[in-house]
Structures are given as C-alpha cells and as structure tokens.
Amino acid sequence: MVQPLNRLKESASQTAGPYVHIGLTPNFCGIEGVYADDLGAAMVNDKTRGERITVRARVIDGTGTPLKDALIEIWQADAAGLYNSPSELRGAADPNFAGWGRLASDMETGLFEFSTIKPGRVPFKDGRLMAPHITFWIVARGINLGLHTRMYFSDEQDANAEDPLLQRVEHKNRVPTLIAPRDGDVYTFDIHLQGEKETIFLDI
Amino acid sequence: MSNERPETGAFFQRDRQWQPPAYTPGYKTSVVRSPQKALISLDNTLSEITGPVFGHSMLGALDADLIHNFAKAGESAIGPRIIVHGRVLDERGKGVAGALVEVWQANAGGRYRHKKESYLAPLDPNFGGCGRVITDADGSYCFRTIQPGPYPWPNGVNDWRPAHIHFSVFGHGFAQRLITQMYFEGDPLIWRCPIVATIPDRAAVEGLVAALDMQATIPMDARAYKFDIVLRGRRSTLFENRLEGN
Ligand SMILES: [Fe+2]
C-alpha cells in the first residue's frame, strides 16, 4: 500500500443541449426581466483601446449545414497582448476590455458576429511570442464536451509563421482551418466539425 | 484571496477516457457534430491559464431563486420546492472561489420555455428556468428552484431524459470551462438515457447524481439536494521554469 493521492476527478461533461440559451443567453431567447443583459454580449465600449474588428463565425456540421443552436465563448488578450485576469502577471490589461464574449448563433442563419478588438501578441511558455489569436470554446446539442480551438488572423502572416502552436501542427495543410481571412474589418471564421475541412481542435 | 500566490500553473491534462468521447452514436445528434481527427495536444499557455472574473455585484437579488425570478409579484413557480447546494472544487479538492455557476432547466412538467420546444406539457407562467450564483470563498453555492420533470425527446422513438438541471461552470482559467447536468438520486431514467450513456465510466455518471440532503432541507418548505462540481486542477508552479518577471 502507498498513501492515497486524494485527487478528485473532473466532473463529467454533458451536452449543452438545444436549450442552452435559457441558461446562458436568456434575453436572446425571449426570457426577459430575469437578467438585465446577456453576459458577454457586449465586449467593447467607447474607451476600449485597439482596432475594432468583427469576427463572423459559423459552426458547420459534417453534412455542411451550419448549426443554428450552437453557443460560442471567446477569450482574448487586449490590444497590448495582456489578459484581463488575476493570472496575468505581466501588467494591467485595458480596464475597458474584459476580453471575454459569449453569443448564441442566429437561429435562422447560424451566424455569430462578435464585435471586438484585434488582440496583441502573448508569449508562449518559453518566451517566444505567439501570433495574435482568439481562443474559442464551442458547445451545442450533440457536442458532448466543449470544443477548444483558436482563430488566427490572415493579415498576420509573419507572426503566424513563427507561432509555436501553428508550428506544432504536423499536417500543414490543416493550418488554414485556424486562419480567418480578412475583408475590410471583418474576419470570417468557419468552424468545420468534420470532413475534409475539419477545423483543428485542441486538447489543451 | 490577496495573500495567496497568483494562480499561474497549467491545468492537469483532461482525462479523455473519463470524459465522454465526441462520437456517441446512441446519441444521434453527435454523429455529424463530432470531430473525427485527433485533437492537437498542447500544454496550457497564458491563453488557457487565464480567465475572466465575475463579481458578486453583477448578480440580481433573485438570480439564485428560480421559484421567484420570473414569477409575477406575489406568485411563485409550481412544483416540488428544492434547494440545490454544494461546492465547486478543483481536482486537488480545493474550493474554487468566485466561480460563476449558471443553471437552466425545464419546469415541473418537463417543459422548457423555448421557441424550439414542442412538448405538449404546459408552460408555467411563473417559471422562466434560468438562475445563476457565484461561489463563496470556500467554493460553496446555493440556489432555490422547483424540481424539473422528465421529458421525452426525439432520438429513439421513446427516449426520455431523466429529471435534470443543466450547469455551466466558469472557474478561474478558460481551460476549466465546463457544462454538465445534475441528476437526482433514485431516478430510474438515469440509466436508460442515451445522453447519460455518452459517459463511458459508471463512477463518472454517479458523480453527476445529486444526493437528497435532509440536513439541508428546510422543514415545511423545501427539500435539498447536494451537488458538488469538480473542475480541472492546476499544477503547482513552484519548480517550473517561468518567464522573466513572473
Ligand atoms: Fe435538458
């Protein structure tokens, strides 16, 4: 016998189901008057520093159909590359930018539109800079455990080329699944759950 | 909290034998929504170690009272009154302070207040179905609601969900993000449910079944169920190489 480690196991995940809106975006689904606003719906205000951008995302299933009942949360650094978090020890992030957003997909089109700012670069563990990126967490009916991925920016080619995570990808032909093309101030990020264009998901 | 070392460690690797796999054909919707390629494994970076903070000040007075937070003045939701309480812990067994816990559920008849919902059981005009709470310094939380009913759902021709409350939990790091469901002790539908059955390990399912807690019950008012939630634990950074300035 040895001494027990006494660790607990993480609670098992269960799907968010089709009615995730009731809990996480109640105003969006017509349950008004319980919470003043849906959390994470507005990410920037007049004083937020940084370049305003729109991230237009869709989550697409294995038949090519956009999910109309998905929910996405995003998490990102501010324009200077600082996270607004107690675990951020490099400096104080922009007080006018929480860096966290949450939206449900449009119930007709499956579109998500996050109005945010372009994040700065954040160091990897070894001090090399990662390319600017936004972390995505995707839940929906039929997804048993929330999916983690990242969106990178098409106009950051040099930074993307030296990004430690992108460099880590063995099949380079899959790297473009993480890079959102830019058109004006809109970045389009299609997340494919399956198939030829399956997005790289992270065990992170 | 101010005397504690800042939490800068990476989270323990997720046990993917314990968590449900993505592809679970018994739960049909997962078939075309499950990634098929291997996930890319990577130790946490700052992007996963960090996470937003939710302050108690954002909460409304009735946020944790689903019996009243949608009800007309002087009225209340119909159904068996219950208290749900417990702690949010990490895998080290430490309470997670300041965790945002958001819940949603069907009404006592098993009907959700949602435009995509078509079950013939009636809506309760006094029940919205959402609530939220932020954990105390020791990770404890508590809310009041009515016990939801089981409901049928289109999967097999006669599949029923056991009574359950959906939980979304936000710990301190974005990599801890978790959505799960709480079930009720003694419900025979638990072991017949294709969504429950996506979890491969029986002990992991039992970890989602809340116990009737008579000690926390309020006599002549509400029964109580105790439900603890465990989030990923964090590695100690004591002997890890850290960036300059950390
Ligand atoms: Fe449900």
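Letters go in sequence order (proteins before strands), and every chain restarts at 1.
- Between atom CG of residue A/Leu145 and atom CH2 of residue B/Trp18 there is a gap of 14.0 Å, rounded to the nearest 0.5 Å.
- Looking at A/His192, there are no atoms closer than 4.5 Å to chain B (heavy atoms on both sides), in backbone or side chain.
- Ranked by heavy-atom pairs under 4.5 Å with chain A, the list B/Pro20, B/Ser47, B/Ala106 is led by B/Ser47.
- Look at A/Asp69 and B/Lys116 and you find no salt bridge, because none of the NZ, NE, NH1 or NH2 atoms lies under 4.0 Å from a carboxylate O.
- In this structure, CG in B/Asn44 is found 11.0 Å from OG in A/Ser87, a value given to the nearest 0.5 Å.
- Heavy atoms closer than 4.5 Å to chain B are found in the side chain of A/Tyr83, but not in its backbone.
- The greatest number of non-hydrogen atom pairs below 4.5 Å with chain A, out of B/His166, B/His164, B/Arg232, is found for B/Arg232.
- By number of non-hydrogen pairs under 4.5 angstrom with chain A, the leading residue of B/Val32, B/Leu39, B/Asn69, B/Val31 is B/Val32.
- Looking at residues two or more places apart in sequence or on another chain, you find no side chain to side chain contact (heavy atoms under 4.5 Å, CB included) involving A/Pro176.
- Using a 4.5 Å cut-off between heavy atoms, A/Leu147 touches chain B through its side chain atoms alone.
- Residue with the most contacts toward chain A among B/Val53, B/Leu208, B/Leu231: B/Leu208 (heavy-atom pairs, distance under 4.5 Å).
- Closest of all the heavy-atom pairs between B/His114 and A/Pro18 is NE2-O, 3.8 Å.
- Among all heavy-atom pairs drawn from A/Gln14 and B/Val196, the shortest one is OE1-CA, 3.6 Å.
- Only the side chain of A/Val122 comes within less than 4.5 Å of a heavy atom of chain B; its backbone N, CA, C and O stay farther away.
- Only the side chain of A/Leu39 comes within less than 4.5 Å of a heavy atom of chain B; its backbone N, CA, C and O stay farther away.
- The minimum heavy-atom distance between A/His148 and B/Ala175, with the atom names listed, is CE1-CA, 4.1 Å.
- Proximity to chain A is limited to the side chain of B/Phe54, based on heavy atoms less than 4.5 angstrom apart.
- Contact annotation for A/Gln76: neither backbone nor side-chain heavy atoms come within less than 4.5 Å of a heavy atom of chain B.
- Closest heavy-atom contact between A/Leu202 and B/Arg16: O-NH2, 4.2 Å.
- The greatest number of non-hydrogen atom pairs below 4.5 Å with chain A, out of B/Thr180, B/Thr45, B/Thr29, B/Thr50, is found for B/Thr50.
- Of all the heavy atoms in A/Tyr19 and B/Tyr112, the pair that sits closest is CD1-CD1, 3.2 Å.
- Side-chain contact annotation: B/Glu102 with A/Tyr35, donor-acceptor N/O pair under 3.5 Å absent.
- Counting heavy-atom pairs under 4.5 Å between each of B/Arg14, B/Arg113, B/Gln105 and chain A puts B/Arg14 at the top.
- For the pair B/Ser168 and A/Arg102, the tightest heavy-atom approach, listed with the atom from each and the gap, is OG-NH2, 4.3 Å.
- Identified by a heavy-atom distance below 4.5 Å to chain A, the contributing residues of residues 198-205 of chain B are B/Thr198, B/Ile199, B/Ala204, in residue-number order.
- Using a 4.5 Å cut-off between heavy atoms, B/Lys37 touches chain A through backbone and side chain atoms alike.
- The parts of A/Val20 that come within reach of chain B are both its backbone and its side chain, each placing non-hydrogen atoms under 4.5 angstrom from that chain.
- For A/Ile200, the part lying under 4.5 angstrom from a heavy atom of chain B is the side chain only.
- The ring of A/Trp100 has its center closer than 6.0 angstrom to the ring center of B/Phe170.
- Counted by atom type alone, B/Ser30 and A/Asn144 present zero donor-acceptor pairs between their side chains at under 3.5 Å.
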